[in-house]
Amino acid sequence: MTSTPLTSRPAWQALQNHVAAARERHLRELFAADPRRGERLALDVDGLYFDYAKNRVTDETIRLLVQLADECDLRGRIAAMFGGERINTTENRAVLHVVLRAPREATILVDGVNVVPQVHAVLDKMTAFAERVRGGAWKGHTGRAIRNIVNIGIGGSDLGPVMAFEALRHYTNRSLTFRFVSNVDGTDFVEATHDLAPAETLFIVSSKTFTTLETMTNAHSARNWLLRALSGDVKAVAKHFVAVSTNAAKVAEFGIDTENMFEFWDWVGGRYSMDSAIGLSTMLAIGPENFRELLAGFHAMDEHFRTAPFEKNMPALMALLGVWNTNFLGAETVAVLPYDQYLKRFPAYLQQLTMESNGKRVTLAGAEVDYATGQIYWGEPGTNGQHSFYQLIHQGTRLVACDFIAFAQTLNPLGPHHDLLMANVIAQAEALAFGKTADEVRAEGTPEWLVPHRVFPGNRPSNTILAERLTPSVLGKLIALYEHAVFAQGVIWNIDSFDQWGVELGKVLAQRIVPELTAKEAPVLGHDSSTNRLIERYRAAKGG
Ligand code: F6P
């Protein structure tokens, strides 16, 4: 596959010429020059409002970025994704998370087969199961109803379910207890289950491959924990374990009846799977109707992304602004700052979505890139972050792009809280953009020696995403916005956003080290001197 190198594209070169002038212009000037900037540089998709006016862009910047998207054939790549082409070339797979939320009557072909009916068959099976569990009809081995649900999974089989559970907690069935176990550190399992009655506990083992070390280790510990409490009767497993996977053979090998398996497919990437059967815990928590509302939200953003022109296309614009901030203004990181406590796990979820997708150093054709890819995502809910790391964003030497996320209506009205929260998110974006000049600081009577310390340079870029209320549908739109922005960036950077070879080496080395830690006799170690010493020290200190 040969294509023009990204940095040789006319739009890229034009952006490189354009950036020198852009660097000189402060957001203060840009707003002063155009009193309607805040209205113009904003989009509304079905109630999700995206204000990108506080980015260091002019109309010309946007024009060139859109031209870059055209030159990189973003339109064609979107069509290829939605059309079921095998765009994940290194794994030779189609990338079709959009099918997971396609309406029943849609047709989307993979190798000539319409896969929409399969998706809806699994959704129907999940619905029937969720209704039985939520209604108390599904009984555990001793005849007691299920009151506790523990999802065991890691990465995409954990972060989406945890994030969605927290984000939609308001809509959850409060008579059920939900826990999430991911880490191979036994503490995770022990703390998650210490107060649960095994006879009332259902485990969902969520793993696309059903071979992941952490998940299988936790699943075996869960099996032992259950059987210890239920007199070792292996028949109990059928009532207390269900699986979500693409690998029926491995599920059966573990001892879970494949009748109790909820299927998904290799064309759903792990980090794009929270709206597949991997969302079973979400459906159990919020109910099938709310789950379908979540899917409808995803679908609305899918359709927008697929059809809207790039200058009015929210995920495409978000992606292009990210490219501008990273490759031209030098911002290496994006702080995700949800002003909603329910979104406390959203930054962690986005870390996998964005960094496992776009943390790549070679192009689709395998050539080393000569430009930055994959922004670093991190964050915390506001206002907590304001009392922690915002100092660096306001006055540090690095440029940090920020995504503020907020909702006009709170789900928990409590005196003045929500107006205070909203005042803060609006103020932070304003402060980052406009800052405070030395003259303004002086005018407040600040002694000269203190002036430099109290100056805020401003000109810090941010997006603000505002919706009326955090509903399942709005959450779906928000997640799909980031999913598609990640893909669009991957297209610009000409990388495979859907593989994850970088996780392999550590896994292989760990498997090699396990026997060196557990062998009775001191093994002959063939690592480097640092690794050898760490192993020896661990063996000497571990006791038992
Ligand atoms: O280690 C990376 C990874 O493959 C992720 O991409 C994935 O989400 C996670 O592991 C879990 O994989 P699985 O669902 O197969 O257990």
Side-chain angles (χ1 to χ4, degrees), residues 87-97 100 122 126 150-165 180-185 188-189 203-223 241-254 256 258 261-282 345-360 374 377 479 482-483 486-487 490 495-512 514:
I87 62 167
N88 175 0
T89 50
T90 71
E91 294 181 321
N92 191 27
R93 286 180 182 163
V95 175
L96 275 174
H97 41 279
L100 301 171
V122 173
M126 289 164 67
V150 182
N151 186 77
I152 297 178
I154 197 163
S157 301
D158 168 70
L159 289 162
V162 181
M163 181 275 288
F165 174 73
F180 298 86
V181 175
S182 54
N183 202 335
V184 76
D185 181 346
D188 203 10
F189 180 82
F203 290 98
I204 305 174
V205 184
S206 297
S207 176
K208 181 173 171 180
T209 54
F210 232 71
T211 57
T212 305
L213 170 94
E214 292 88 340
T215 301
M216 297 331 294
T217 307
N218 278 315
H220 282 286
S221 296
R223 200 170 183 275
F241 279 82
V242 297
V244 179
S245 188
T246 59
N247 192 342
K250 288 278 174 198
V251 168
E253 203 180 290
F254 179 83
I256 297 177
T258 46
M261 167 179 157
F262 298 85
E263 189 193 3
F264 65 116
W265 306 271
D266 72 357
W267 38 263
V268 179
R271 53 194 174 272
Y272 297 86
S273 67
M274 60 155 291
D275 49 340
S276 70
I278 289 290
L280 185 61
S281 61
T282 314
R345 297 288 287 166
F346 195 62
Y349 168 78
L350 280 189
Q351 284 182 341
Q352 187 199 13
L353 179 67
T354 59
M355 297 199 274
E356 202 173 68
S357 296
N358 284 343
K360 310 288 163 67
Y377 276 74
I479 298 167
Y482 279 95
E483 283 180 347
V486 165
F487 166 58
I495 55 179
D496 189 334
S497 298
F498 302 105
D499 62 11
Q500 55 285 316
W501 299 106
V503 302
E504 297 299 327
L505 179 60
K507 286 188 197 174
V508 172
L509 294 186
Q511 290 296 359
R512 201 176 298 164
V514 170

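These figures come from a predicted structure and were not determined experimentally. One-based numbering, in listed order, for ligands and for the atoms of each.
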Query raised in the report: Is any side-chain heavy atom of Tyr377 closer than 4.5 Å to a side-chain heavy atom of Val486?
Result: no
Quick look: Thr209 vs ligand 1, heavy-atom contacts under 4.0 Å, and the answer is both
### Test item: Leu213 and Lys507 side chains (from C-beta on) under 4.5 Å apart, heavy atoms
no
Side-chain heavy-atom pair His97, Phe264 within 4.5 angstrom cut-off:
no
Nearest non-hydrogen protein atom to atom 9 (C) of ligand 1, with distance, is Ile154 O, 3.7 Å
Only residue of Val95, Ile479, Leu353 satisfying side-chain contact (heavy atoms from CB on, under 4.5 Å) with Tyr272 is Leu353
- Are Gln352 and ligand 1 in contact, using a heavy-atom cut-off of under 4.0 Å? yes
| request: May I ask whether atom 13 (P) of ligand 1 is less than 4.0 Å from at least one protein heavy atom? | output: yes
Near Gly156 (heavy-atom distance under 4.0 Å), the atoms of ligand 1 are 7 (C), 8 (O)
Test your reading of the model: is there a side-chain donor-acceptor pair from Ser245 to the backbone of Lys208, 3.5 Å cut-off? yes
inquiry  = Just checking Tyr482 against Phe346, ring centres under 6.0 Å apart?
reply    = yes
Taking only non-hydrogen atoms of Lys507 and a 4.0 Å limit, the atoms of ligand 1 in range are 1 (O)
Ligand 1 to Thr212, heavy atom cutoff 4.0 Å, flagged ligand atoms 12 (O), 13 (P), 15 (O), 16 (O)
Kindly confirm or rule out an N or O of Thr215 lying under 3.5 angstrom from an N or O of ligand 1. no
Is the shortest side-chain heavy-atom distance between Arg223 and Phe203 below 4.5 Å?
no
Ranked by distance from atom 3 (C) of ligand 1, the top protein heavy atom is Glu356 OE2, 4.2 Å
